[in-house]
Amino acid sequence: MQKTEIQEFAARISGTQSKAADTRVKAIVDRVLVDIFTVIEEFDVKPEEFWSALSYLTELGRSNEYGLLAAGLGIEHFFDVRLDEKEAAAGIEAGGTPRTIEGPLYVGGAPVAIGEARLDTDPDDGEILFVDGQVTDTTGRPLAGATVEVWHANTKGNYSFFDKTQSAFNLRRTIKTDAEGRYRFRSIMPSGYGCPPAGPTQQLLDRLGRHGQRPAHIHFMVSADGYRQLTTQINIDGDAYLHDDFAFATRDGLVPAVTHHTDPSALKDRSVDRPFATITFDFALPHAVAGVPATLIDRPRAQVG
Ligand code: BEZ
Ligand code: FE
């Protein structure tokens, strides 16, 4: 088909000539159809290839991997970059902690603790990890009573709730900052996540010649009244995939130093019986501004309780 024929056909299908119904949906369906028809023309896509693509998408849904593929194709990161640009254009104050993708493995309803928490409820002989920091505004003023939601994988790279061998909320907590805006927690050093090797996301990544690995990381959602909510992650320095994340989520400013401690007196001070690591990471939140797109995306999330 010629370009004009494609455009006319897509317009008939999407009903762009009539005023009725949803004009935004019509315009987007129209563009998507023109793009699909153009790809079929340009690459001479065979009907067999098209039906195989539909079967792939059916399997993607059956495996609940749409969120995984969206991350692996960089679409979740793309939305982060767009939000950065919108904030800059709207004059949102600089100096806030960089955002990065939420990923598909958040679960709402984690136990709430004041000031400090222990995240590892299941036995795991990974390296003991202590993380602490302060939540402030962009001038360094502490934000008491801020909410720090934290979640991460175990040493096998798996997340509780999705991995049914772990207890509910293992490695997930909500911590309210103390009077000085501080939070702290004890946990175990996570390992990086890898896409299910037999799943449809990895299947496509294989065809692209890409791996499906993420560097070890810890997720945070930080919020305080009057400030812009922050969704972000810190990456564990030294991980082989630190700058080769299949989900494109590593960003400058999100790789804090990790200190490993073996000194017996340090072990005694922390009341632990084996070497441990520490990370300090502070969060800075810009003030909320009316009329700027929200940072917390309205999307389906698992919720327990
Ligand atoms: C994760 O945060 O572990 C994750 C992010 C994107 C895709 C898959 C996993
Ligand atoms: Fe993760």
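Any value given below was found using the heavy atoms of this structure, including those in side chains, with hydrogens, waters and symmetry copies removed. The chain is numbered in sequence order, starting from 1.
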_Interatomic distance, Phe79 atom CZ to Leu83 atom CG [nearest 0.5 angstrom]_ = 10.5 Å
_Beyond-backbone contact of Leu254 with Gln233, side-chain heavy atoms, under 4.5 angstrom_ = no
*Can you measure from CZ (Arg62) to CG (Leu57) and round to the nearest 0.5 angstrom?*
12.0 Å
*How far does CZ of Phe185 sit from CZ of Arg118, to the nearest 0.5 angstrom?*
12.5 Å
*Tell me whether Leu33 is reachable from Val25 by hopping between hydrophobic residues (I, L, V, M, F, W, Y) whose side-chain heavy atoms are closer than 4.5 Å.*
yes
*What do you reckon, is CZ of Arg299 surrounded by more than 12 foreign heavy atoms closer than 6.0 Å?*
yes
*Taking it one step at a time, do Ser160 and Asn170 satisfy side chain to side chain donor-acceptor pair (under 3.5 Å)?*
CA-CA 6 Å; Ser160 63; Asn170 187 40; 5.8 Å; no
*Test side chain to side chain donor-acceptor pair (under 3.5 Å) on Glu127 and His260 and set out the steps.*
CA-CA 9 Å; Glu127 186 177 17; His260 299 276; 2.7 Å; yes
*Shortest non-hydrogen contact from Thr38 to Val34?*
OG1-O, 2.6 Å
*Step by step, work out the side chain to side chain contact (heavy atoms under 4.5 Å, CB included) result for Leu230 and Thr295.*
CA-CA 7 Å; Leu230 171 70; Thr295 47; over 6 Å; no
*Show the numbers, then the answer: is there a side chain to side chain contact (heavy atoms under 4.5 Å, CB included) between Ile128 and Arg270?*
CA-CA 10 Å; Ile128 295 169; Arg270 293 277 189 172; over 6 Å; no
*Please report the shortest heavy-atom distance between Val148 and Val135, naming the atom on each side.*
CG2-CG2, 3.8 Å
_Hydrophobic cluster membership, with links at side-chain heavy-atom distances under 4.5 Å among I/L/V/M/F/W/Y: are Leu68 and Tyr56 in one?_
no
*asked:* Quick check for you: to the nearest 0.5 Å, what is the distance between Met221 atom CE and Thr147 atom OG1?
replied: 12.0 Å
*asked:* Counting C-beta onward and ignoring hydrogens, is there a side-chain heavy-atom pair between Ile13 and Phe37 closer than 4.5 Å?
replied: yes
_One pair to check against salt bridge (Lys or Arg N to Asp or Glu O under 4.0 Å): Asp84 and Lys86. What are the steps and the verdict?_
CA-CA 6 Å; Asp84 290 349; Lys86 286 181 186 187; over 6 Å; no
*Checking side chain to side chain donor-acceptor pair (under 3.5 Å) for the pair Glu59/Ser63: CA distance, chi angles, key distance, verdict?*
CA-CA 6 Å; Glu59 186 50 37; Ser63 312; 3.0 Å; yes
*Hey, mind stepping through Gln166 and Asp163 against side chain to side chain donor-acceptor pair (under 3.5 Å) and telling me if it holds?*
CA-CA 6 Å; Gln166 296 183 46; Asp163 168 13; 2.9 Å; yes
*Could you tell me whether Arg301 atom CZ has more than 12 heavy atoms of other residues or ligands within 6.0 Å of it?*
yes
*asked:* Quick check on side-chain contact (heavy atoms from CB on, under 4.5 Å): which of Ile236, Asp237, Asp239 does Pro215 satisfy it with?
replied: Asp239
*Is there a side-chain contact between Thr201 and Glu65, using heavy atoms and a 4.5 Å cut-off?*
yes
*asked:* Just checking Phe162: does its CZ atom have more than 12 heavy atoms from other residues, nucleotides or ligands closer to it than 6.0 angstrom?
replied: yes
_Side-chain H-bond candidate by donor/acceptor type, Ser167 with Asp122, under 3.5 Å_ = yes
*If you link I, L, V, M, F, W and Y whenever their side-chain heavy atoms are under 4.5 Å apart, who else ends up in the same group as Val289?*
Ile92, Val292
*If only atom types and distance count, is the side chain of Arg210 paired as donor or acceptor with the main-chain N or O of Phe246 below 3.5 Å?*
yes
*Could you state the interatomic distance from CZ (Arg172) to OG1 (Thr174), rounded to the nearest 0.5 Å?*
10.5 Å
*Can you establish whether the number of heavy atoms outside Asp269 located under 6.0 Å from its atom CG is more than 12?*
yes
*Got a sec: does the CD of Gln303 have more than 12 other heavy atoms crowding it under 6.0 Å?*
yes
*Any cation-pi pair here, Lys46 with Phe43, using under 6.0 Å and within 45°?*
no
*asked:* Arg99 vs Glu87, test: salt bridge (Lys or Arg N to Asp or Glu O under 4.0 Å). Steps then yes/no.
replied: CA-CA 12 Å; Arg99 68 170 48 81; Glu87 286 187 342; 2.7 Å; yes
*Are any of the side-chain heavy atoms of His152 and Leu119 separated by less than 4.5 Å?*
yes
*asked:* Quick check: closest heavy atoms across Glu102 and Tyr106, and the distance to 0.1 Å?
replied: OE2-CB, 3.6 Å
*Arg12, CZ: over 12 other non-hydrogen atoms inside 6.0 angstrom*: no
*What heavy-atom pair brings Ile188 and Asp124 nearest, and what distance separates the two atoms?*
CD1-OD2, 3.5 Å
*Let me see the working for Val255 and Ile234 under side chain to side chain contact (heavy atoms under 4.5 Å, CB included), right down to the final yes or no.*
CA-CA 6 Å; Val255 188; Ile234 56 172; over 6 Å; no
*Measure across Ile6 and Met1 and return the closest heavy-atom pair with its distance rounded to 0.1 Å.*
CG1-CB, 3.7 Å
*Taking all heavy atoms of Tyr183 and all of Thr177, pick out the closest pair and write down the distance.*
CB-CG2, 4.3 Å
*Verify the cluster assignment for Met189 and Ile218: are they in a single hydrophobic cluster under the rule of side-chain heavy atoms below 4.5 Å apart?*
yes
_Taking the side chain as everything from C-beta on, heavy atoms only, tell me whether Arg182 gets closer than 4.5 Å to Arg184._
yes
_Strictly distance-based, threshold 3.5 Å: is any side-chain N or O of Lys26 a donor or acceptor partner for the main-chain N or O of Ala20?_
yes
_Donor-acceptor contact present, side-chain Thr136 to main-chain Pro142, <3.5 Å_ = no
_If you count every heavy atom of other residues, nucleotides or ligands that lies below 6.0 Å from Lys268 atom NZ, does the total exceed 12?_
no
*Would you indicate whether the side-chain heavy atoms of Arg173 and Phe169 approach each other to under 4.5 Å?*
yes
Can you give me every donor-acceptor pair (side chain of residues 272-285, partner residue at least two apart or in another chain, under 3.5 Å) with its distance?
{"from": "Arg274", "atom 1": "NH2", "to": "Gly126", "atom 2": "O", "distance (Å)": "2.6"}
{"from": "Thr278", "atom 1": "OG1", "to": "His261", "atom 2": "NE2", "distance (Å)": "2.7"}
{"from": "Thr280", "atom 1": "OG1", "to": "Asp132", "atom 2": "OD1", "distance (Å)": "2.8"}
{"from": "Asp282", "atom 1": "OD1", "to": "Gln134", "atom 2": "N", "distance (Å)": "2.8"}

*Any chance CG of Asp22 has more than 12 other-residue heavy atoms, nucleotides or ligands included, within less than 6.0 Å?*
yes
*From Leu73 CG over to Phe248 CZ, what is the distance, rounded to the nearest 0.5 angstrom?*
8.0 Å
*Indicate yes or no: at least one non-hydrogen side-chain atom of Tyr227 is less than 4.5 angstrom from one of Pro286.*
no
*Candidate pair Lys176 and Glu116, rule salt bridge (Lys or Arg N to Asp or Glu O under 4.0 Å), full reasoning*: CA-CA 8 Å; Lys176 295 278 185 187; Glu116 62 187 310; over 6 Å; no
*Group every Ile, Leu, Val, Met, Phe, Trp and Tyr by side-chain heavy-atom contacts under 4.5 Å, then state whether Val150 and Val131 land in the same group.*
yes
*asked:* Which label fits Tyr159 and His217: parallel for a plane angle under 30°, tilted from 30 to 60°, or perpendicular past 60°?
replied: tilted
*Does Val81 reach the side chain of Arg251, with side-chain heavy atoms less than 4.5 Å apart?*
yes
